[in-house]
Amino acid sequence: MAANVAVIAGAGSGLSASLARLLAKQGLRVVLAARNVDKLAALVKETGAHAVETDVSDAASVERLFEAADNAGPLEIAVFNASGRTRGPIAELDPEAVKQALLVGAYGGFLVGQQAARRLLSRGSGSILFTGASASLKGFSGSAGFAMPKFGLRGLAQSMARELGPKNIHVAHFIIDGQIEPSGQAPEPDRPDRRLSPDAIAETYLSIHRQHRSAWSFEVDLRPWVETF
């Protein structure tokens with residue numbers, strides 16, 4: 001029997017890499033989606049994952065991603081970790097850059113969520129997990145090009161959770177309130193826990209995926225204990 005599959009869209013060296021390692025250890029076959037799959041070579045070798053070149057803002061590209069996942073096995077979990085952003089004063093923002101941020105960060109979430117939902121509805125179970133940020137809840141000065149896609153992604157997740165929860169599909173949204181520790185970053189003994197550990201975040205994602213449906217969480221916020229809020 002084929003192992004179940006986890007799709008991680010927007011894969012890189014941080015949280016996505018931690019998720020790939022953790023989910024692979026749980027026996028899932030991991031499919032990684034990124035614009036540049038060459039950067040994932042070491043992670044693919046380490047986890048046995050399959051990398052698919054994907055533009056999450058393009059419907060045909062996302063469809064090909066999930067067709068590749070179908071060849072690996074039945075989908076169990078999909079994680080949308082892609083992010084579109086552009087920053088600057090509102091009067092100076094490049095409209096095309098803002099448009100691309102929305103296409104990647106919000107529309108991309110819709111495309112990935114739609115493809116995942118189709119498969120999980122057929123299966124009758126599974127999880128769709130969306131990575132948000134502080135900007136999902138509040139628009140900071142100069143961050144319109146980041147807040148818009150993150151607000152949109154949260155709205156998408158809320159709608160999907162209400163629609164798919166009664167059909168036994170767990171949709172959850174994560175507020176990452178703080179900077180994630182970069183891969184290979186040297187420890188800072190004088191500033192412990194200043195950044196979120198990507199491994200710790202990944203453990204939380206897995207915990208949410210495993211929740212009993214009588215007590216599902218929709219939204220979880222994660223931040224270092226030193227972070228003000």
Side-chain angles (χ1 to χ4, degrees), residues 3-34 40 43 46-51 54 56 65-66 69 72-83 105 108-109 112-113 115-117 119-120 123 125-137 150 153-154 156-158 160-161 164-165 168-183 193 195-225 227:
N4 288 346
V5 170
V7 170
I8 303 173
S13 60
L15 171 57
S16 294
S18 292
L19 282 165
R21 295 185 188 101
L22 180 61
L23 295 176
K25 287 178 182 176
Q26 304 304 311
L28 290 161
R29 297 199 66 182
V30 177
V31 176
L32 302 170
L40 302 174
L43 182 62
E46 178 186 353
T47 62
H50 177 50
T54 307
V56 298
L65 163 66
F66 279 86
L75 184 68
E76 179 178 333
I77 178 172
V79 180
F80 183 76
N81 200 35
S83 183
V112 170
Q115 290 291 332
R119 287 155 175 82
L120 297 181
R123 181 185 173 188
S125 65
S127 297
I128 305 173
L129 310 179
F130 295 97
T131 300
S134 308
S136 304
L137 300 176
K150 285 302 182 186
L153 187 69
R154 185 174 186 241
L156 169 72
Q158 285 182 345
M160 288 179 61
L164 300 178
N168 201 39
I169 298 168
H170 190 180
V171 179
H173 180 254
F174 297 80
I175 304 293
I176 309 300
D177 188 16
Q179 183 180 357
I180 298 175
E181 188 174 76
S183 177
D193 304 330
R195 300 183 177 93
L196 293 95
S197 161
D199 290 344
I201 299 172
E203 290 282 356
T204 301
Y205 277 51
L206 179 59
S207 175
I208 295 300
H209 170 59
R210 288 177 167 172
Q211 282 182 325
H212 189 274
R213 66 181 185 176
S214 69
W216 271 350
S217 299
F218 163 67
E219 193 158 73
V220 179
D221 60 331
L222 301 97
R223 66 179 59 84
W225 61 270
E227 188 83 7

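Everything numeric here is computed off the predicted structure, so don't read it as measured data. Computed from heavy atoms alone, side chains included, the values below leave out hydrogens, waters and symmetry copies.
The shortest heavy-atom contact between Val56 and Ala9 is CG1-CB, 4.2 Å. The minimum heavy-atom distance between Ala133 and Ile175, with the atom names listed, is O-CG2, 3.6 Å. Nearest heavy atom pair, residue Leu120 against residue Ser125, reads CD2-O, 3.2 Å. The heavy-atom pair separating Pro74 from Ala3 by the smallest distance is CD-O, 3.6 Å. When every heavy atom of Ala34 is checked against every heavy atom of Ala11, the shortest pair comes out as CB-O, 3.7 Å. In terms of heavy-atom proximity, Ala72 sits nearest to Val31 at CB-CG2, 4.3 Å.
Taking Glu219 as the reference, Arg154 meet the salt bridge (Lys or Arg N to Asp or Glu O under 4.0 Å) condition, with sequence neighbours excluded. For Arg213, the side-chain hydrogen bond (donor to acceptor under 3.5 Å, both in side chains) partners two or more places apart in sequence, or in a different chain, are Asn168. Applying the side-chain contact (heavy atoms from CB on, under 4.5 Å) rule to Ser197 yields the partners Asp199, Ala200; only residues at least two apart in sequence or on another chain are considered. In terms of the salt bridge (Lys or Arg N to Asp or Glu O under 4.0 Å) criterion, residue partners of Glu46 (sequence neighbours excluded) are, by chain and number, Arg21. In this structure Ser13 satisfies the side-chain contact (heavy atoms from CB on, under 4.5 Å) test together with Ser183, sequence neighbours excluded. Contacts of Ala161 classified as side-chain contact (heavy atoms from CB on, under 4.5 Å), with partners at least two apart in sequence or in another chain: Val171, Phe218.
We find the CD1-CD1 distance between Ile176 and Ile201 to be 4.5 Å, quoted to the nearest 0.5 Å. If you take CD1 on Ile8 and OG on Ser16, they are separated by 5.5 Å, rounding to the nearest 0.5 Å. The structure places OG1 of Thr47 at 4.5 Å from CG of Leu43, a figure rounded to the nearest 0.5 Å. Atoms CG and CG, from Leu75 and Leu28 in turn, are 9.5 Å apart once rounded to the nearest 0.5 Å. Between the CD atom of Gln115 and the CG atom of Leu65 there is a distance of 8.5 Å, given to the nearest 0.5 Å. The structure places CG of Asp221 at 10.5 Å from OG1 of Thr204, a figure rounded to the nearest 0.5 Å.
Partner of Phe80 under the side chain to side chain contact (heavy atoms under 4.5 Å, CB included) criterion, out of Leu153, Leu129, Thr131: Leu153 alone. Residue Ser127 forms a side chain to side chain contact (heavy atoms under 4.5 Å, CB included) with just one option from Glu76, Gln211, His170, and that option is His170. When Lys150, Arg195, Arg223 are each tested for a salt bridge (charged side-chain N to carboxylate O under 4.0 Å, His left out) with Asp177, only one passes: Arg223.
Between Tyr205 and Leu15 the shortest side-chain heavy-atom distance falls below 4.5 Å. Looking at heavy atoms from C-beta onward, Val5 lies out of side-chain contact with Arg119 at the 4.5 angstrom threshold. Counting heavy atoms from C-beta outward, Val112 and Phe130 have side chains that stay 4.5 Å or more apart. Using a 4.5 Å heavy-atom threshold, the side chains of Arg210 and Gln26 count as touching.
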